Amino acid sequence: MKKIFYLGELFCGSRGMGYGAKISSAKLNGKSYEINHAWASDYDENACETYRKNVFKENVICENVHNLFRLIDKGKIKLPKFNAFAYGFPCNDFSIVGESLGINGKFGPLYFYGVEIMNRYKPDWFLAENVSGITSSNKGSAFKKIIKELKNSGDGYNLTIHNYKFEDYGIPQNRHRIIIIGFNKKFGNNFFFKIPKPSLKITTTKDVLTKKIPINDPSHVFTNNSKQVIERLKFIKPGKNAFNSKLPKHLKLNVKGAKISQIYRRLHPDKPAYTVTGSGGGGTHMYHWKENRALTNRERARLQTFPDNFVFFGNKESQRKQIGMALPVEGAKIIFDSILKCFAKISYEHVEPNISLEDL
């Protein structure tokens, strides 16, 4: 006997979230609980191709979200039936890096399309994801507004909000994300998601990056670092960056104002990596702890726990963006597994949320 949730996904990207849902499951007394994909949408052509190749071939709609809803409203697109929903709404305006315009920016208001999905289709449950900086955006008012609208969408949802530190779940990367899980109130006012207890298992960069990668892997393309960059890296020790290392005068960076700690920062072999990002100029590509070079996209993908057979489409920078904007695959799987366990009524060790609805 099988219970299947059919998932719709907005702003899907290449998404470790979608792949994590695909490989999740729960089973009790001969009944299995699974997630199948119904549809997904994103505006990025390469990300959509990546999604089709690895996650779900059909009903991947490559459209700007504004156009998507216009086409839905005009009856030109009809979403397949679904009873679960996930979206990592754009984080550009909520990140602590940048102007932090929050809900007043170009991307900040896009969260509302997810609210509109819930209002129109009333899925059994949803997962929303964003950067931890969202809690302080617009002096906290943006987050309160988003939570209120998600809670009251559809017929109402029981929300559980938590700032996950994925390195505590065995992910080889310090990555912190706000995850909001909503269960439809039709299942009862006391039916809430339970946050899985961290394993506190530490997976280091050395654990995942020392395993050999085939030289013909199309995502294992080395950056052509300049002689100056290579020379600079020789003076930077593991875990250190260009600003806290003793560099010769001709190799120092001429930077005024804030000095970002990630610039030419080497990984530490015995610790999880610092956060993988999807964009950035010189000095932001993440650097090997021993070899004087930037990481390849396949190495970054390993830090995001994508399997080595996961194929990324597009050029080198497009792949970097897809990898950096994803939720870690294994982290997503842990959360989706737990959602299924809640519906299967399987008990598991859990912890209290570190963000309280009462404080919002």
Side-chain angles (χ1 to χ4, degrees), residues 13-21 23-24 50 54 88 91 94-97 127 129-134 162-179 195-211 213 217 219-220 223 236 238-241 260-280 283-291 293-310 312 319-337 354:
S14 64
R15 277 306 191 246
M17 185 189 292
Y19 196 83
I23 61 176
S24 65
T50 298
N54 300 279
C91 64
F94 299 116
S95 174
I96 58 173
V97 178
L127 182 156
E129 173 262 334
N130 212 278
V131 294
S132 55
I134 192 174
H162 193 70
N163 187 2
Y164 284 78
K165 295 183 177 181
F166 283 108
E167 63 271 25
D168 291 341
Y169 289 86
I171 306 304
Q173 178 192 177
N174 289 304
R175 197 173 189 89
H176 303 168
R177 286 294 183 272
I178 300 294
I179 306 290
I195 298 150
K197 184 180 179 180
S199 64
L200 298 181
K201 172 192 173 185
I202 300 299
T203 305
T204 68
T205 56
K206 190 175 182 179
D207 290 334
V208 296
L209 296 186
T210 50
K211 181 183 175 184
I213 299 172
D217 186 324
S219 293
H220 192 48
T223 299
I236 300 175
K240 299 294 184 179
N241 61 57
I260 302 173
S261 65
Q262 313 294 55
I263 300 297
Y264 292 109
R265 182 178 175 184
R266 281 191 184 272
L267 298 172
H268 195 295
D270 301 322
K271 296 179 181 179
Y274 54 93
T275 304
V276 178
T277 58
S279 62
T284 64
H285 290 79
M286 308 189 80
Y287 296 86
H288 199 277
W289 65 88
K290 184 177 181 182
E291 300 173 23
R293 64 172 179 85
L295 296 190
T296 68
N297 280 325
R298 178 56 65 194
E299 289 170 323
R300 294 188 194 97
R302 280 191 175 179
L303 296 176
Q304 285 278 55
T305 61
F306 283 97
D308 282 352
N309 62 357
F310 196 100
F312 296 94
Q319 292 186 28
R320 181 190 175 194
K321 177 183 176 183
Q322 294 172 53
I323 293 165
M325 293 183 71
L327 201 65
V329 169
E330 292 300 324
K333 181 182 185 301
I334 289 168
I335 296 170
F336 283 118
D337 280 347
N354 54 24

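Since the structure is predicted, the reported quantities are computational estimates derived from the model, not experimental observations.
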Notebook entry, point to check: Would you call Asp308 and Arg302 a salt bridge, using N to O less than 4.0 angstrom?
Noted result: yes

Spatial distance of atom [atom1] ([X]) from atom [atom2] ([Y]) [nearest 0.5 Å]:
X      : Y      : atom1 : atom2 : answer
Asn297 : Gln319 : CG    : CD    : 5.0 Å
Glu299 : Leu303 : CD    : CG    : 8.0 Å
Asn354 : Asn163 : CG    : CG    : 5.5 Å
His162 : Ile179 : NE2   : CD1   : 9.5 Å
His285 : Thr277 : NE2   : OG1   : 8.5 Å
Thr275 : Gln304 : OG1   : CD    : 9.0 Å

Next item on the list: Would you sort out whether Glu129 and Ile178 count as a side-chain contact (heavy atoms from CB on, under 4.5 Å), showing the intermediate values?
Entry: CA-CA 6 Å; Glu129 173 262 334; Ile178 300 294; over 6 Å; no

Next item on the list: Spell out, as yes or no, whether a donor-acceptor pair under 3.5 Å connects the side chain of Arg293 to the backbone of Thr223.
Entry: no

Would you mind reporting whether [Y] and [X] have side-chain heavy atoms less than 4.5 Å apart?
X      : Y      : value
Pro269 : Thr204 : no
Arg177 : Val131 : yes
Val329 : Ile23  : yes
Thr205 : Pro172 : no
Leu127 : Met17  : yes
Ile202 : Pro272 : yes

Margin query: Pair Asp270, Trp289 - check side-chain contact (heavy atoms from CB on, under 4.5 Å), show working.
Written below: CA-CA 10 Å; Asp270 301 322; Trp289 65 88; over 6 Å; no

Next item on the list: For Lys333, look at atom NZ and say whether over 12 heavy atoms of other residues, nucleotides or ligands are found less than 6.0 Å away.
Entry: yes

Notebook entry, point to check: After noting the C-alpha distance and the side-chain angles of Leu209 and Leu295, does the key distance pass the side-chain contact (heavy atoms from CB on, under 4.5 Å) rule?
Noted result: CA-CA 10 Å; Leu209 296 186; Leu295 296 190; 4.3 Å; yes

Item checked: Working for side-chain contact (heavy atoms from CB on, under 4.5 Å), residues Glu167 and Asn174 -> CA-CA 5 Å; Glu167 63 271 25; Asn174 289 304; 3.1 Å; yes

Item checked: Derivation and outcome, side-chain hydrogen bond (donor to acceptor under 3.5 Å, both in side chains), residues Thr284 and Arg320 -> CA-CA 11 Å; Thr284 64; Arg320 181 190 175 194; 3.1 Å; yes

Note to self: Tell me whether the rings of Phe166 and Tyr169 are parallel (<30°), tilted (30 to 60°) or perpendicular (>60°).
What the structure shows: tilted

Check: With under 30° as parallel and over 60° as perpendicular, where do the rings of Phe310 and Phe312 fit, or are they tilted in between?
Finding: tilted

Notebook entry, point to check: If every non-hydrogen atom of Phe336 is compared with every non-hydrogen atom of Gly20, which pair is closest and at what distance?
Noted result: CD1-C, 3.9 Å

Checklist line | Minimum heavy-atom distance Ser24-Ala21, with the two atoms named | finding: OG-O, 2.8 Å

Next item on the list: Quickly, which of Arg266, Gln173, Met286, His268 forms a side-chain contact (heavy atoms from CB on, under 4.5 Å) with Tyr274? Name it, please.
Entry: Met286

